[in-house]
Amino acid sequence: MFSVRRPGIARLAAATLATGLVAAAAIALAGPAAAEEITQNSGGASATLGRLAIHDTVTIQETGGRQWQAQAGLFEMAVQPGGAIQTYCIDLRTPARQGTEYKEVGWDQSSLHNNADAGKIRWILQNSFPQVNDLAALARKVGADKLTEGTAAAGTQAAIWHFSDKVKAVPTDGNARKLATYLEKEAKNLKEPGASLKLDPPSVAGAPGGRLGPVTVTTNAAKASVTLAAGAPAGVKVVDKAGKPVTDVTNGAQIFFDVPAGTADGTTSLTVQADTTVPIGRAFVSETKSQTLILAGTSTSTVSAQTGAAWAKKGPIPALSVEKNCAKGGLDITAANKGDEDFTFELKGLKYTIPAGASKSVTIPVAEDQAYDFTITGPNGFRKTFKGVLDCKTASPAPSEPPAPQPSPASAGGTTTGGSTTGTTGGGDLAETGGSSATPLIAGVAVVLVVVGGGAVFMLRQRKSIGS
């Protein structure tokens, strides 16, 4: 979605990111590991936001009579390392920028986590453009004279905003209005689609001389490849539950790290990769503050997921993971102790002890729109980095702020012909709506987690520096 801009807020947001108000910090863990950095990978598709490719105009009607216009339609996104997808917006008032990196996530990690109408959005996606690409038949079905790609995209986006942002979005084109009205009236709640690829858990640990795991593979692909990280210690391999080496897996497979006895304390990781189609209706979120998107169309794309492993002969051996928890408004840090000694840490003044063989999850509160960037480190080079933005809500309107001028067509991504856009965008904000000041720009959090003796101390400081 591309819509009206607030240049001052855009510059402020850019400055916030550029000056790095979010401080990186470290969590020190008891337990040995090898010198290897493992970056968080929740699994699934990773894509780069491109241009608003197909769109038309809608009018957003706010309570109190205020109105403003937005360009509504389909984004193009490039999947890394291969594939292409199309997405609609499910966060009307939040800016989006070309070149932003996005990750596929479940609804529980997006603004749909508490939306009772999320399933209706998926129904709209499956029963309108581009999944329904016979526009003549679609027009007849909704009682319209004619639909172009642009007007069909605008009508579809307007109906989605009705359920995602709870606004009245009225397409300028009369036929697009008929499509939007039909979709809003007929939409039914469908179940959330499954992940294209996911590994659970994202981290395992244990002692050498056995198999670490299991790691369960969930995927809609017919087959996925398994690769052990380069530089893994000699003798370490990926096996199935029978102990046989694994190079390919299917949905539901359980795999393990086989670490021979006598292997020096260390870490490694494995990557599972597949070529598949990402299910329509999967949410896409960014590690920076950027508009949340939802999948509307896809080619065959390359998806991947990663799981790490750590092992040691004795002492506490933590396996760690971090996941957004939109329901609780924070991050869940899960530590499983696979060692033979207690693992103790402090979090915000509270001490937690995880006995050998047990696990515990702790939720760190993070403000909405607040960035986090922290690294988990330990002896012998153990290192995990987690970063992102807690973006769990759609932005609210700013009733006191008048609408901004309509942006130039060049900003929206080329020239408009027959209701659809062609050409190449020039970068910058792809979407920034008239309610920009209603999106709080809360930044400046330092998550500090430092070593204390042979255990770990978790300390969190949150600092709000900018708001509206």
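Worth saying up front: this structure is predicted, and the values here are computed from it rather than measured. All heavy atoms count here, side chains included; hydrogens, waters and symmetry mates do not.
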For the residue pair [Y] / [X], report whether a side-chain donor-acceptor contact shorter than 3.5 Å exists.
X	Y	value
Thr219	Asn251	no
Thr216	Asp200	no
Thr276	Asn220	yes
Tyr102	Ser290	yes

Side chain to side chain contact (heavy atoms under 4.5 Å, CB included) with Phe257: of Val239, Thr268, Thr267, only one passes, and it is Thr268

Side chain to side chain contact (heavy atoms under 4.5 Å, CB included), paired with Val272, selected from Val215, Val249, Val238, Val303: Val249

Short side-chain to backbone donor-acceptor contact, [X] and [Y], under 3.5 Å:
X	Y	result
Thr288	Ser286	no
Arg211	Lys241	yes
Ser299	Ala84	yes
Ser128	Leu125	no
Trp123	Leu183	no
His162	Ala169	no
Asn325	Lys328	yes
Asp248	Val226	no
Asn337	Ser359	no
Asp165	Leu92	yes

Are Ile60 and Trp161 close enough, and set up right, to give a side chain to side chain contact (heavy atoms under 4.5 Å, CB included), and what steps lead you there? CA-CA 10 Å; Ile60 308 300; Trp161 280 334; 4.1 Å; yes

Compare all side-chain heavy atoms of [X] with those of [Y] and state whether any distance is below 4.5 angstrom.
X	Y	answer
Glu323	Gln109	yes
Leu212	Trp311	yes
Leu295	Thr298	yes
Val389	Val285	no
Asp240	Gln254	no
Pro279	Ser196	yes
Thr87	Ile294	no
Pro193	Arg282	yes

Show your reasoning for whether side chain to side chain contact (heavy atoms under 4.5 Å, CB included) applies to Thr363 and Leu331. CA-CA 5 Å; Thr363 301; Leu331 303 175; over 6 Å; no

Do you know the tightest heavy-atom contact between [X] and [Y]?
X	Y	answer
Cys89	Ser164	O-OG, 4.4 Å
Ser110	Val105	CB-CG2, 4.4 Å
Tyr88	Phe129	OH-O, 2.8 Å
Ser269	Gln306	OG-NE2, 3.8 Å
Ile280	Arg122	O-NE, 3.3 Å
Ala305	Gly43	CB-CA, 3.5 Å

Apply salt bridge (Lys or Arg N to Asp or Glu O under 4.0 Å) to Asp117 and Lys166, showing your working. CA-CA 10 Å; Asp117 293 321; Lys166 312 303 180 186; 2.7 Å; yes

Closer than 4.0 angstrom, basic N to acidic O: yes or no for Glu76 and Arg51? yes

Output the distance between atom [atom1] ([X]) and atom [atom2] ([Y]), rounded to the nearest 0.5 Å.
X	Y	atom1	atom2	result
Cys326	Leu390	SG	CG	5.5 Å
Ile160	Ile124	CD1	CD1	6.0 Å
Leu112	Ile121	CG	CD1	5.0 Å
Gln291	Asp391	CD	CG	10.0 Å
Glu192	Trp107	CD	CH2	5.5 Å
Gln131	Gln86	CD	CD	9.0 Å

Could you please spell out the steps behind the salt bridge (Lys or Arg N to Asp or Glu O under 4.0 Å) verdict for Lys289 and Asp369? CA-CA 6 Å; Lys289 179 58 181 173; Asp369 297 340; 2.6 Å; yes

List the steps, then state whether side chain to side chain contact (heavy atoms under 4.5 Å, CB included) holds for Lys360 with Thr353. CA-CA 9 Å; Lys360 186 182 292 289; Thr353 297; over 6 Å; no

Which is it for Ile90 and Thr394 under the side chain to side chain contact (heavy atoms under 4.5 Å, CB included) test, yes or no, and what are the steps along the way? CA-CA 8 Å; Ile90 52 172; Thr394 55; 6.0 Å; no

Using the side chain to side chain donor-acceptor pair (under 3.5 Å) rule, pick out the option among Glu101, Glu104, Lys103, Gln80 that qualifies with Ser46. Lys103

Whether over 12 other heavy atoms sit under 6.0 Å from Lys191 NZ: no

